[in-house]
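What follows is one structure encoded as structure tokens, with my remarks underneath.
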Amino acid sequence: MTFIKSATRHLIAASGVLATIVLVGCISANPLPDRNQAARLADGRTGSDVPIQDAWALDFSQASEAWDGIAPLTMDTAITVTLQNDPDLRLELTRVAQARADLAQSSLPPNPVIGIAIGAPIDGGGGAPAMVELMQQLTWLWTMDDRIDLQDERLASAILSAAQRTVDRASEVRTAFARALAARDLIEIETAYIETTAGTYELVKALAEVGELPMVDVDRALIDQRSAEADRIDARRELRNRKFELLRLMGWADQDTRWTLSGALEDGQDDGVPNEVDTIHRALTVRLDIEATRRRIEAAEADARLAGLSRIPEVGVGLGWRRNFSDRQALTPGASISIPILDDGYARIAGAAARLDAAHLALAVAEENVVEEVRLNLNQWLQAREQVEAYDVGLVSAARKVVSRSESAFKAGAVDATELLLTQRRLITLERRLLAERLDSDLAWIKLENAVGGSFELPLETPHVQVEKNS
């Protein structure tokens with residue numbers, strides 16, 4: 001095997017040069033800086049004051065210390081628990097890690113190929129020919145920049161998408177929390193109605209027993225009371241459903257529901273009315289998903305440049321050591337060049353051009369959707385606020401006065417039981433409608449804040465992502 005030792009001496013130098021190039025150009029595959037950057041982008045957009053980087057530094061399977069599962073739950077606490085314990089967010093971070101690995105891979109050249117051959121004569125003569133070759137493909141040298149640019153932009157887009165998913169998840173938690181608050185408040189309304197109908201039933205029953213009212217009025221009052229009790233049973237189940245949804249978003253799907261909610265609907269809404277034009281401009285500027293779409297365009301541009309290079313022949317170089325039958329040795333440098341006559345790269349270039357057009361169109365579609373989302377949610381919020389004011393001030397208050405007067409008039413014999421029952425039903429209907437409008441106001445505001453990037457308090461600037469490429 002002395003020929004291998006001799007060949008190795010000649011190939012060590014070439015291998016050393018290649019290893020040096022690889023080490024200098026290698027990009028780190030560590031995703032931690034990218035995760036931290038995604039966390040910083042989402043900070044200030046979730047409705048929680050807890051730094052997201054700190055939440056993500058903890059194991060998602062370890063229950064958050066922000067809540068013990070027993071104390072009254074606030075919206076801020078619900079978001080904090082979600083940031084740490086929701087596995088969906090960690091799944092999004094794995095996509096960031098995958099994009100980082102793809103970037104690191106793009107900076108690496110293809111592995112060299114070593115060929116070894118040993119010959120033996122078949123005619124009975126002497127000699128033992130041998131060959132050792134080292135081959136390296138060189139096409140990566142002029143495609144490396146575009147390959148790195150492509151994966152760089154894809155990683156930036158993945159970072160922005162992970163941050164946007166975090167903002168969306170926080171918005172979902174706020175929505176679920178608001179629905180749970182509405183379900184809790186509905187139980188209070190139904191309980192008050194039960195007390196009202198129970199009092200009416202006892203009064204009607206007493207009057208019927210002395211012959212002042214027919215028994216049919218007693219039956220009607222009893223039906224209203226039992227209907228109110230059935231509605232409260234349904235409301236309690238609805239609250240339990242809303243808690244299940246909230247706990248799943250928080251990553252505590254198996255948690256018991258024997259805890260209460262702390263908070264009120266319509267807390268946290270701005271007193272002023274946002275200007276539609278300014279709100280649209282803000283959304284198009286600060287939204288993370290819009291910037292992610294822009295970075296996908298830059299990735300598509302790098303992909304198009306890379307596709308254009310496919311028309312250049314692939315080149316490889318090699319260095320070999322050979323020994324013939326006469327025991328003569330030689331070094332044989334060489335090269336290989338592909339001939340682009342069957343595949344000239346046209347199809348790849350066309351595909352890349354189509355993907356670039358699709359990326360530009362995706363941005364146009366996303367911007368159109370943002371404009372619609374902002375205008376729609378702003379109008380729905382204003383609509384719900386107007387309805388809340390109309391029902392709270394003009395209708396519910398008036399209905400309560402009518403019920404009070406009807407009760408007094410009924411006791412005085414001025415109105416019959418049917419009229420009293422109708423006014424009470426009208427009041428509970430209006431109170432339920434007022435609660436529904438308050439919930440709609442809250443949901444529209446949450447959607448509006450999410451439509452402008454998570455908060456109206458964000459600086460009016462485009463989110464910036466700088467991908468680290470340290471080895």
Please round to the nearest 0.5 Å and tell me the distance separating atom [atom1] of [X] and atom [atom2] of [Y].
X      : Y      : atom1 : atom2 : value
Asp440 : Arg438 : CG    : CZ    : 12.0 Å
Ile290 : Gln164 : CD1   : CD    : 9.0 Å
Ser310 : Arg348 : OG    : CZ    : 5.5 Å
Ile189 : Ile194 : CD1   : CD1   : 12.5 Å
Leu306 : Ile349 : CG    : CD1   : 10.5 Å
Asn85  : Asp59  : CG    : CG    : 9.0 Å

Nearest atoms (heavy-atom pairs only) where [X] meets [Y]:
X      : Y      : value
Arg40  : Gln53  : NH1-OE1, 3.9 Å
Ile297 : Ala359 : CG1-O, 3.6 Å
Ala178 : Ile446 : CB-CD1, 4.3 Å
Ala163 : Ala42  : O-CB, 3.9 Å
Ala221 : Leu421 : N-CD1, 3.9 Å
Pro463 : Leu41  : CB-CD2, 4.0 Å

So does [X] pair up with [Y], basic N to acidic O under 4.0 Å?
X      : Y      : value
Asp149 : Arg305 : yes
Asp303 : Arg355 : yes
Arg169 : Glu172 : yes
Arg375 : Glu276 : yes
Glu291 : Arg294 : yes

Output yes when a side-chain donor or acceptor of [X] lies under 3.5 Å from a complementary backbone atom of [Y], and no otherwise.
X      : Y      : value
Lys243 : Trp259 : yes
Asp217 : Arg220 : no
Ser106 : Leu103 : yes
Asp442 : Glu266 : yes
Ser171 : Val167 : no
Gln136 : Pro110 : yes
Ser107 : Ile27  : yes
Ser406 : Val402 : yes
Trp67  : Ser64  : no
Thr143 : Thr139 : yes

Compare all side-chain heavy atoms of [X] with those of [Y] and state whether any distance is below 4.5 angstrom.
X      : Y      : result
Leu284 : Ile280 : yes
Phe177 : Leu73  : yes
Val465 : Gln37  : yes
Leu448 : Thr279 : yes
Arg45  : Ser455 : no
Gln98  : Arg100 : no
Gln424 : Tyr193 : yes
Gln84  : Trp56  : no

query = Are Arg432 and Glu190 close enough, and set up right, to give a salt bridge (Lys or Arg N to Asp or Glu O under 4.0 Å), and what steps lead you there?
reply = CA-CA 9 Å; Arg432 290 168 180 164; Glu190 301 297 350; 2.9 Å; yes

message = Show, in sequence, the C-alpha distance, side-chain angles and deciding distance for Ser441 and Arg385, and conclude whether the side-chain hydrogen bond (donor to acceptor under 3.5 Å, both in side chains) test is met.
response = CA-CA 6 Å; Ser441 174; Arg385 285 212 337 175; over 6 Å; no

task = Please name the residue in the list Thr77, Thr82, Asp43, Thr80 that meets the side chain to side chain donor-acceptor pair (under 3.5 Å) test with Ser48.
result =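 Filter result, single survivor: Thr80.
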
inquiry  = With side-chain hydrogen bond (donor to acceptor under 3.5 Å, both in side chains) as the criterion, how do Arg425 and Thr197 come out once you've worked through the C-alpha distance, each side chain's angles and the decisive distance to 0.1 Å?
reply    = CA-CA 9 Å; Arg425 292 172 195 160; Thr197 56; over 6 Å; no

Of Thr46, Asp168, Leu249, Val81, the residue whose pairing with Val173 passes side-chain contact (heavy atoms from CB on, under 4.5 Å) = Leu249

message = Run the salt bridge (Lys or Arg N to Asp or Glu O under 4.0 Å) test on Arg248 and Asp86 for me, step by step, so that the C-alpha distance in whole Å, both residues' side-chain angles and the decisive distance to 0.1 Å come before the verdict.
response = CA-CA 8 Å; Arg248 168 58 189 91; Asp86 180 23; 3.6 Å; yes

ask   = Does the ring of Trp381 carry Lys447 above it, NZ/CZ under 6.0 angstrom from centre and within 45° of its axis?
value = no

query = When the aromatic ring centroids of Trp252 and Phe244 are compared, is their separation below 6.0 Å?
reply =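 Judged by ring-centre distance (under 6.0 Å), Trp252 and Phe244 do not meet the cut-off.
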
ask   = Would Arg95 and Glu92 count as a salt bridge (Lys or Arg N to Asp or Glu O under 4.0 Å) if you check the C-alpha gap in whole Å, the side-chain angles of each, and the deciding distance to 0.1 Å?
value = CA-CA 5 Å; Arg95 297 188 176 97; Glu92 199 68 32; 3.0 Å; yes

task = Determine, step by step, whether Glu373 and Arg287 satisfy the salt bridge (Lys or Arg N to Asp or Glu O under 4.0 Å) criterion, reporting the C-alpha distance in whole Å, the side-chain angles of both residues, the deciding distance to 0.1 Å, and the verdict.
result = CA-CA 12 Å; Glu373 186 179 348; Arg287 278 185 60 142; 3.2 Å; yes

inquiry  = Let's go through Asn30 and Ser28 carefully: what are the C-alpha distance in whole Å and the side-chain angles of both, what is the deciding distance for side-chain hydrogen bond (donor to acceptor under 3.5 Å, both in side chains) to 0.1 Å, and is it a yes or a no?
reply    = CA-CA 6 Å; Asn30 179 19; Ser28 172; 5.1 Å; no

task = State whether the number of non-hydrogen atoms from other residues, nucleotides or ligands found under 6.0 Å of Arg426 atom CZ is greater than 12.
result =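 Not buried by this count: 12 neighbours or fewer within 6.0 Å.
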
ask   = Can Ser161 and Arg296 be counted as having a side-chain donor-acceptor contact under 3.5 angstrom?
value = yes

